[in-house]
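Only one structure is covered here, and it is reproduced in the block below.
These figures come from a predicted structure and were not determined experimentally. Here is how names work: the chains are called A, B, and so on, in the same order as the sequence lines, proteins then strands, and each is numbered from 1.
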Number of protein chains: 2
Amino acid sequence: MKMSGGVEWGLHCCVVLSGAGAPVTAAKLAELHDVSQSYLAKQLQLLSRAGLVRSTLGQSGGYVLTRAANEITVLDVVEAIDGVQPAFRCTEVRQRGPMAVPAERCDTPCPIARTMDSADRAWRESLRRVTIADLIADVNRTTPPEILSGAREWLRA
Amino acid sequence: MKMSGGVEWGLHCCVVLSGAGAPVTAAKLAELHDVSQSYLAKQLQLLSRAGLVRSTLGQSGGYVLTRAANEITVLDVVEAIDGVQPAFRCTEVRQRGPMAVPAERCDTPCPIARTMDSADRAWRESLRRVTIADLIADVNRTTPPEILSGAREWLRA
DNA sequence: TTGACTCGGATAACTGTTGTCCGAATAGAA
DNA sequence: TTCTATTCGGACAACAGTTATCCGAGTCAA
């Protein structure tokens, strides 16, 4: 089981976008993080479709967050990029084979599916509790100040 | 993000194995669940490597659980088949690009990684709380009795 | 001793993710 | 108003991991 690597990039981008007042292009975000520009563009597209960022075209265009950082949860970003489908999907094996349970007797979901659903909800709930603002606060606390100001300056240029 | 489909099969097999007193072959388990025999064998191999089941060779051989059903958690099966690696893997993007943070200043994990780790722990904890015995109890409660006894009989034959 | 049956690891097909490219649309400058 | 440089957006390949399969080594029962 592996989550899309784009989630990490998307979160980093949200953190950066929140700090920059002006639109930031995909090219700049890619260079700052030293990742493939073309592929990062794809992730930004997904964020855009999900309504987390808004893109402005033309010169001096780029991406901007649509909401305040404390209004965007980590789960929002994860679901935008990695999708909302749970990792486990019940294939109803109990309805197959020589000892199949007839469909009309399967009104309640299989206990295995229930267990997985419950764990999935716990996971999402945990991600929902953390916002981009929380990440920023942590970054500001643990990153050397000269790098923070340097990055701000680098974005402006 | 998608978990291996073999997890579902593995859990069903554990439930069945717990009910059968004698070893059950991979072929019978595959037929009962109407899934590919060759591929199910692979999942059973993984369970065997993890020490959850023991295989006996030769005639009247097959698979048996090594522990009582209430001593095997759903997490045990998930980790045996799907692996123990967390879904998110931090690639340390903060150490890359023109504004890279030097490695010696990165003693604490990145806040994004911490958030993901926390969610992953919540997920695993949720799966750890449910045992095969719990699944069996639920199956016994929700499955028509004639099918339960029928399956037991079918396994014996 | 025989023999048939079992699991185990090595080997292909396939789906989904990763990565790349070029065209459509736009905002600003002339 | 026209033009141009620059932007994002969706369509197009390469790769990896999962899914599926086979045959050989080992083992127990007869």
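- We find that R128(A) and E125(A) are joined by a salt bridge, their nearest charged nitrogen and carboxylate oxygen being less than 4.0 Å apart.
- Under 4.0 angstrom from either OP1 or OP2 of dG10(D) there lies at least one side-chain N or O belonging to Q45(A).
- The residues E8(B) and R89(A) are annotated as not salt-bridged, no charged nitrogen and carboxylate oxygen being separated by less than 4.0 angstrom.
- A27(A) comes within contact range of no nucleotide atom at all, as no heavy-atom separation falls under 4.0 Å.
- Alongside V101(A), the hydrophobic cluster contains I147(B) (criterion: ILVMFWY side chains under 4.5 Å).
- Side-chain atoms of D82(B) come within 3.5 Å of backbone N or O of S4(B) as a donor-acceptor pair.
- Pairs engaging residues 35-72 of chain B under the ring pair (Phe, Tyr, Trp, His ring centres under 6.0 Å) rule: W9(B)-Y39(B) [sequence neighbours left out].
- Other residues sharing the hydrophobic cluster of L148(A), ordered by chain and number and joined by side-chain separations under 4.5 Å: V139(A).
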Residues 107-117 of chain B, side-chain donor-acceptor partners within the protein, below 3.5 Å, at least two apart:
residue	atom	partner	partner atom	Å
R114(B)	NH1	P109(B)	O	3.1
R114(B)	NH2	D138(A)	OD1	3.0
R114(B)	NH2	D138(A)	OD2	2.6
T115(B)	OG1	P111(B)	O	2.8

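- With rounding to whole Å, Q59(B) atom CD is found 7 Å from dC28(D) atom C1'.
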>> Does the protein touch nucleotides 18-25 of chain D at the base, only the backbone, or not at all? Give it as B, S and - per nucleotide, heavy atoms under 4.0 Å.
In response: SBBBB---
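- Among the atoms of the strands shown, only primed sugar atoms or phosphate atoms (P, OP1, OP2) are found under 4.0 Å from some heavy atom of R49(B).
- Protein chain A contacts DNA chain C over a range whose 5' and 3' limits, counting nucleotides with an atom under 4.0 angstrom from a non-hydrogen atom, are dT18(C) to dG28(C).
- For the atom pair CZ (R54(B)) and CG (L17(B)), the distance works out to 13.5 Å, reported to the nearest 0.5 Å.
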